[in-house]
Structure formats: structure tokens, C-alpha cells
Protein chains: 2
Amino acid sequence: MALEHAILVSLTERAGSGYELAHRFDRSIGFFWPATHQQIYRVLRRMDEAGWVTHTEVAQEGRPDKKVYQVSATGRDELARWLAEPVDPAVLRDGLAVKIRGASLGDTAAVLREVVRHRGEHAALLEVYRGIQRRDFPKPAKLSGRELHQYLVLRGGIRAEESFLAWCDEVIEALRSEQS
Amino acid sequence: MALEHAILVSLTERAGSGYELAHRFDRSIGFFWPATHQQIYRVLRRMDEAGWVTHTEVAQEGRPDKKVYQVSATGRDELARWLAEPVDPAVLRDGLAVKIRGASLGDTAAVLREVVRHRGEHAALLEVYRGIQRRDFPKPAKLSGRELHQYLVLRGGIRAEESFLAWCDEVIEALRSEQS
DNA sequence: TCTAGCTATGCAACTCGTTGCACTGCACCT
DNA sequence: AGGTGCAGTGCAACGAGTTGCATAGCTAGA
């Protein structure tokens, strides 16, 4: 549904190959719309056939040739059309929540350890986000246009992680005092 | 991967038919692990073949017969096994974030309207969560066991929605002042 | 009376996303 | 000399999830 559009957004900012896009997805837009290289290659081909992007084969020395994609006028129209259309709300699908809900049907201590582990992973992700914020947006008050919008999305990630961490702490405390 | 286990958790709490489960999913566990009736029917059949659940056909008057499923010993073992095993972290996939990031490539005002609309939907969901909290968990300090765990998961939903709303407000304010 | 909605289950076809693998050549480490 | 990792594209198979439809009788409202 919308991987196409996430790619259009990313390619409009800068042209690139499938491989390169896959890496961009790992570091920025993919925090909010994850995709593997396989998916990206397949969708790029479809978009190419639909005329939303065009590609140029670029020969390289010492490494494989690549196809650099860029957004066509049709692609820009499609992106504008999509931007004006309503989006479905994001759905959560959280296995950890299911586990917590079922904790008393198994080893509660193991579930608690899982919560602690997830807390750690999310804390690390939050640090990544904060690093990006410090590096790329040191003065948020002065932002506008594309940079402002990138910053706002990052803020969403930061807020989501902060709230997840706070939740983990609440859960950890409650499960610990229940056990003792 | 884990719909099976979400169903096991729900069925352990109370036996039920596929139809009934689908409704439970719409109102409780499905907030964190959404599923359609189709998926539930298919997975229930698979679980039945695997021996994790058993079913009893119940004839009814004035309405179709139903199959009431309940968790078998094997199913309880499987659930305990899964509870002790690590879960993958939840992935976000948020079309709204992609839109905000691409806002300057289309109609920013339309994107802003979308953010406002999502804010409304999430505010409504938050009210649903708070209603459940008031009704089912008026005295959270006294909870333990299954009820405590249900409460904690609900807390996660409340926190996530609160933080989403705060983000929407930040985005709305920033986009509005950018436009004027 | 006609329409709509609830209860109840299920098939078929489809899209979306994941996983494992394949091929090439270079660079770097041990 | 051998393993690992990067750059680059891609196929094939699978699993998960969605959508549309079918069937059937009951109930409640316009």
C-alpha cells in the first residue's frame, strides 16, 4: 500500500539505487516504515513499470553495476495525490503485551526478564534517535519545510520510545513487587 | 507466529467459539494483536489439528451451531514454552509519519488536516481505554496475578495513546505556525 | 414489508512481507 | 589460504494478513 510512497518520499529527497535505499530505510524512514531490500527491489520494479520512477544503469569499477532510480513527473503527481488522501491509523502488534497478559500462565520471572531486555533495546534505540536529533537538528526552533517535517517525525519516534520505556519501568516494578 | 499464542491466552481465560473470540479480539487483546475472524478461524483449525485446543459442537436454537474451543494440556504446555522464549520487538509502521515527512512535496494543509483527524481517532481510543480502566480496575494498587497483568497491558495502551496525542499536538502546532 | 444487522462458519483469491539462496569481485583480517 | 563483510541485484518459496463472497435463520426498526 504505502511502501511505494515511502520510497517516493525518500527518492524525491535524493536519487539512489535499490541497495542504497535499503540502507536509508535502515537508518531513517524505515524506523517508521520498515522494509527489506527484497521488498524494495520488487516495489521499485513495479514503480518503474508504472512509470513513477525511471532508472539509469551506472557501471562501476570493482563493484557491480547499479541502477539509480529517480522520481518522474508521474511519480511526483502520484505522491501529491497520496499525500492528500486519508491514511489508515497505524496498528500496534506487540508480542510483549500478549506475553505480559499471559504471564500468570507460565514463568512470570521469564516474562519479567523479557520486559527488562526489551527495555534495554528500546533505550538503545532512543539513544540513536537522540543522537540524530543532536547531530541534525541542534536548533529546532529555526526549522521549516522539509527539515522541520523530518524533525517532527523524529520527535514522534523519541516520544514513542520514551513512553515505551516508562511503561517498561511500570511493568518491571509491578512484577517485581508481585514476586517478592 | 504469535496469533496462536494470543488465542491461547484468551482461550485459557475463558473457552469460546471462533466468532466469540473475534469479538474479544475487537475489544481487548486485539488492541495489541489485531486479527480478523478469518484469521482466527484458520488458526483455530490449525491449532485443533496440532492438538493445542479441542472443540465441542454446540447446537443452538434460532442461531447457527457453534464450535466451542478450549485449551488442551498440550496447548497449555505450548503456551508456557512460548512465554519463556524471547519475543521480537514490536514494529511500528506508521503511514502518518511518512506523510508528515513528505508534507512539503504536496499539500501541507491536507497533511495537517490528516494529523488533526488522527488525533481525534486516537483521543477516542484513549477514552475507550480509560473507560475500561475505570470500570475494570478502579483500585490498581490492590491488583495481583492475571488482573494485574491485564491492567499493566492496558496501561501500555493508555501511555502509547497519550504520547501519540502529545506528538500530534506538537506536529499540529509546528505545521500551523509554519503556514501562517 | 423490506432492509439491516446479528450469530456462526468458512472458501478462494489476493497482496504483503520474510527467508534462504545465488552470483560477482573487492578489501581486510588472521 | 580462508573467512568475513561490503556492494549490488535478483529468484523462489513460503507465511501472514486482507477482502469479497456465500449461506442461513432470527430479530428489530423504518
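Order of the sequence lines fixes the chain letters, A, B, ..., with proteins taken first and strands second; residue numbering starts at 1 for each chain. Every heavy atom of this structure was used, including side-chain atoms; hydrogens, water molecules and symmetry mates were not.
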Over-ring placement of R93(B) relative to W33(A), 6.0 Å and 45° cut-offs: yes
Can you name the atoms? Protein N/O to nucleotides 21-27 of chain D N/O, anything below 3.5 Å, with the distance.
from, atom 1, to, atom 2, distance (Å)
dC26(D), O4', G62(B), O, 3.4

Closest to side chain of K67(A), choosing from dA16(D), dG10(D), dG17(C): dG10(D)
Ion pair check, R155(A) and E162(A), cut-off under 4.0 Å: no
Sub-4.0 Å heavy-atom contacts from residues 6-29 of chain B onto DNA chain C, ordered by number: S17(B), G18(B), Y19(B)
Spacing of CD belonging to E4(B) relative to CH2 belonging to W52(B), to within rounding of 0.5 Å: 5.5 Å
Basic-acidic side-chain contact under 4.0 Å: R46(A), E49(A): no
dT9(D) phosphate, OP1 or OP2, under 4.0 Å from R45(A) side-chain N/O: no
Donor + acceptor pair across side chains of H122(A), E127(A) (<3.5 Å): no
OP1 or OP2 of dT9(C) under 4.0 Å from side-chain N/O of Y41(B): yes
Where V87(B) and H118(A) come nearest, the two heavy atoms and their spacing: O-NE2, 3.1 Å
Residue pair R119(A) / L165(A): nearest heavy atoms and the distance that separates them: O-CD2, 3.3 Å
Touch class at under 4.0 angstrom, heavy-atom based, for R42(B) against every strand present: base
